[in-house]
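Structure first, commentary second.
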Amino acid sequence: MYKSGQRQHAYDNKDISLVENNGLLRYPSALNFYDRPPQFDVTVEEFETTAMDRLRVLAEIESSLARNRTWEELKTATYNQYMKYVPLHTNTYDDTEEERRKDHLGHYVLRLAFCRSEDLRRRFVKAELTLFRVRYEETEAMDREHFLSSRDFNWIPVTKEEKVQYNHGLYSMYHAFRHEQDRADAFEKEKFYKVKWTRVPDLVEKRKVFLKGGWAYVPGREQSSIVFKEFEVELERALETTARLIPRLDEDSRLIPVLDNLSQGFVAGVASEWTNATEPGSSGEIRAEMVDDLAKKHFPMCMRSLHENLRRDNHLKHFGRLQYGLFLKVLGLSVEEAIAFWRKSFSRVTDDKFNKEYRYNIRHSYGLEGKRANYPAKSCLQILTPGPSDVGCPYRHFSSENLQTALLSMYSQQGLKSADLPEIMATVDAGHYHVACTRVFEMTHAPHGVAKGEGIGGGESVTHPNQYAARSMELAKVKNEDDKMVE
Ligand code: SF4
């Protein structure tokens, strides 16, 4: 450990988890304070995909915080997500350089995307700090020690003499021990560090430090609080600096759309994309006449709302039709059944008009006309951040009053009660729309054994309307089979 003023490396008060080797940056530790920007070439594609992957991890963290998960649950969810998208292994792993480079780049791209408003900065710092904390706890003790000793945290080890001098005050922090001997042993073994008390406000508030002459005496077991606070303060400062410099980037027409897209994804809070959005569902073939019943029992609010508009007006405008049509395609409606479904739904349109104006578009969305592309159904991210003519997500785009009325009218038959509304609306008001949708899924599927926090399965939040419907249909199928076994 390095005392204040001592330096292991030439970088002035800067991160030495990055070192230079023949001009190349190297990453000796999995933990990074991101003090130095990446200094390597990247393609625009890598710039975007690397940031998208990190965004998935941060959005999962936001979602966990919004869902009041315990620290252990949050840690597991975050660990699983980052090992999937931005894995970081300890030094015994072969490809650590590549992983750490990706981690470094992703962090910096998101800084650019999220420095532009105070709200985005606050959310970004909170999510990044949580990610750092999870990684800090998951990192092997040796790696963590190496990281701590490689960086100057400006803490001063308390000498033996000082420990004796303030024996009474320091010892008083060990009141949690039941047996006097255990308490004395723990105190004896403990190392203390002192820092200015303003650097550890959380420990001061929880009375976990001894205060003397403006210094906080921090026990070794609470050392991580200093590290986390430093990470937070440094990142806040860096984001403000980046915000002042960002107008210069506005001239770069390649990067600005990418950054806008990333910040929109974060605002929508969508963690990851469901990947089956081009394939028809596994629920078996859906026939046109089944759609009314499926909509009532299994559709998320966005699709349920489109379905009800269709039934009310016997019509849907182009973008609504496209969105709903692709959803039904992925759900398992074949092109013949889709033509039958839309033909019957547009009851005020003549056969001639239908064949001329609508049939082609339906076949087109199935990849049978025009470019013959396999168009995917829209994800929550796309629906939550719609273009000017798209249809949005009710949790985000309905007024509070309309949303509550619609929720009760659509889902009370599945067990949603007025008493559930305050919790859903609080989540909506906090801007966590897909978390509100996930809670509605949990509430309406409680009779199928879905518990609070379980989400769409394994704690995952809803990220795609088809994922919602497919899981709902799967749960109903399992319940039917179970019921049959009991009979
Ligand atoms: Fe639809 Fe997603 Fe909104 Fe739920 S969160 S209503 S699935 S867009």
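When a ligand or atom number is given, it counts from 1 through the structure's own listing order.
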Take H364 and Y375 through the test ring pair (Phe, Tyr, Trp, His ring centres under 6.0 Å) and record every step on the way to the result.
-> CA-CA 9 Å; H364 189 271; Y375 295 99; 5.4 Å; yes

Walk me through it: do E99 and H89 pass the test side chain to side chain donor-acceptor pair (under 3.5 Å)?
-> CA-CA 8 Å; E99 288 181 351; H89 289 88; 2.7 Å; yes

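- Remark: aromatic rings of F231 and Y136 are distant, center separation not under 6.0 Å.
- Separation of the Y82 and Y79 ring centroids falls under the 6.0 Å cut-off.
- For atom 4 (Fe) of ligand 1, the set of protein N/O/S atoms nearer than 2.8 Å consists of C437 SG, ordered by chain and number.
- At a threshold of 4.5 Å between non-hydrogen side-chain atoms, the residues P300 and V462 do not count as touching.
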Could you pull out every donor-acceptor pair under 3.5 Å between side chains of residues 336-344 and any protein atom, sequence neighbours left out?
| residue | atom | partner | partner atom | Å |
| --- | --- | --- | --- | --- |
| E336 | OE1 | S334 | OG | 3.4 |
| E337 | OE1 | A288 | N | 2.7 |
| R343 | NE | D351 | OD1 | 2.7 |
| R343 | NH1 | F346 | O | 3.2 |
| R343 | NH1 | V349 | O | 3.4 |
| R343 | NH2 | V349 | O | 2.8 |
| R343 | NH2 | D351 | OD1 | 2.8 |

